[in-house]
Amino acid sequence: MSRFIQAIRGMHDILPEAVASWHRIEDVSRQVLTSYGYAEIRTPILEVTDLFKRSIGEVTDIVEKEMYSFEDRNGDSLSLRPEGTASCVRAAIEHGLLVQPQRLWYRGPMFRHERPQRGRYRQFNQIGVEVFGLPGPDIDLEIILITARLWRRLGFAGLRLELNSLGDPDERQAYRNELVAYLSSHGDRLDAESIRRLHTNPLRVLDSKHPETQKVIADAPTLMDHLGESTRSHFQSVCSGLDQAGVPYRLNPRLVRGLDYYNRTVFEWITDDLGAQGTVCAGGRYDGLVEQLGGRPTPAVGFAMGLERMVELLALAGHASDAPVHAYLVAVGEQAQAEAPFLAERLRDALPRLRLMTHCGGGSFKSQFKRADRSGASYALVLGEAELERGIVGIKPLREQTGQQELDFGDLVSFLAGLTKDTLDRGASAQLSGSISTRRLQ
RNA sequence: GUGGACGUAGCUCAGUCGGUAGAGCGCAGGAUUGUGGAUCCUGUGGUCGUGGGUUCGAUCCCCAUCGUCCACCCCA
């Protein structure tokens, strides 16, 4: 056992029994995003390290101490992506997508070297949305409504929406100065980390959970009071849109985000059901990022969802399962076993949507039926010496008490077509009628 | 990165005041020599995470290491 190699820390296998939940989330997400006209984009997992330094921010924890960075053979510093926005922006600039508005989405693994715990892994998956070229509050509202629709479709209750506006850069700068002055005057009551942040990223101090620091924060000036007319009405428009749509939210003036590039609207969907890692989805506006990465000034909004956390929520809401196989083909006897794979192939030819599992490995009727039952199949197809001789197949319902029937190939195809909702044209079914034996067709 | 709990069969766990381990579930076979799911019977199962130390002897004590979980931190 000492030589057994385990998966690396914080990186997990998703086993077959769990995959159904992933499918559910991925399928619903794709459907919903497609229904709003969003197009999928796929970008590399690996990027030049500078891309993340310049987008996420050099003084953020992600860039400072959580990136998987290494030197390529030619000496370039590369990093596994810790999030998806930077790559999206890079690709949009690189391929000239920004000449017109773009509504994009992506999915895939992200990598951060954090201490693993529930809902936080070193390799984790996100689905994200990025919209380029639309400056108004209408699109902010749209992407939040997308997320609300997703929760409805997935049956997630109990998520709460928190909302804030970070203002525009000049507003934030003015506020930052005032905040630093205020916090500095109470420096003796702040925790060490907050004091360090005072000089690097003072807005993050608002996020602190430190009890004494929180008391100081409670009386701190708020960013909301420093918004100009334009940002204020932008934010109010988003809020009233949510009111009209009947999506409840909570204003949280201390909601800042860990990434430097956000401005104006920011939001988070939070659950209390997953312990300390309660943020399931978060995003906001980042109007300055495209230009910062070398593109023409282009407004942008987006969000990302943590799929592992969503999978956990789905487990709390009930179990997802993939559709089991329609039928399981049991074949006993040398002749029947030899014939079975080809019978199965002809059924699959006739019914492309049929989910049919063929028994392999021989064994008694008893053991094969046990397998058939455990496969979850609705029907067992039975091919033994007797059936072979008479040119028919037995079909036995495994989920109800009605008896076993005997059908020739044509009738079998028609019967299974009823399960798969495959439709047969007349020519095909004529061609398919007759004996079950492949050899007789040769 | 900091602090803490834990790691025994495929799974959930019990246990040994240090003398190389048990249950339930699962899995396989049988009771029905061509038919699953219920019941009963039988069987299968672990160098007790890994490496080292103390000891006549370690799964149990000590150290290290890897991993899981919780909180901080961070964030999706």
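In the text below, chain A, chain B and the rest are named by the order of the sequence lines, each starting its count at 1.
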Taking atom C1' of B/G36 as reference, at what distance in whole Å does atom OH of A/Tyr328 sit?
11 Å

Hey, does the side chain of A/Arg196 come within less than 4.0 Å of B/C73's phosphate (OP1/OP2), counting only N and O?
no

Just N and O in the side chain of A/Lys366: are any of them under 4.0 Å from OP1 or OP2 of B/G36?
yes

Between the main-chain N or O of A/His12 and the side-chain N or O of A/Gln123, is there a donor-acceptor pair closer than 3.5 Å?
no

With pairs defined as Watson-Crick or G-U wobble and both distances under 3.5 angstrom, please note down RNA chain B as a dot-bracket string, | for pairing with another strand.
(((((((..((((.....[..))))((((((.......))))))....(((((..]....))))))))))))....

On the nucleotide B/U68, are OP1 or OP2 found under 4.0 Å from the side-chain N or O atoms that A/Arg120 carries?
no

What do you reckon, do A/Phe369 and the base of B/G36 stack, with centroid distance below 5.5 Å and planes below 30°?
no

Can you tell me how far P of B/C75 sits from CG of A/Leu203, to the nearest Å?
13 Å

When you measure from the side-chain N and O atoms of A/Gln404 to the phosphate of B/U35, is any distance below 4.0 Å, counting only OP1 and OP2?
no

Do A/Glu387 and B/G34 share a donor-acceptor pair, side chain to base, under 3.5 Å?
yes

Ignoring hydrogens and geometry beyond distance, is the side chain of A/Arg204 in donor-acceptor contact with the base of B/C73 at under 3.5 Å?
no

Can you list the steps and then say if A/Phe415 with A/Tyr379 is a ring pair (Phe, Tyr, Trp, His ring centres under 6.0 Å)?
CA-CA 11 Å; A/Phe415 183 90; A/Tyr379 293 90; 5.1 Å; yes

Side-chain N or O of A/Arg374 versus OP1/OP2 of B/C27: is the shortest distance under 4.0 Å?
yes

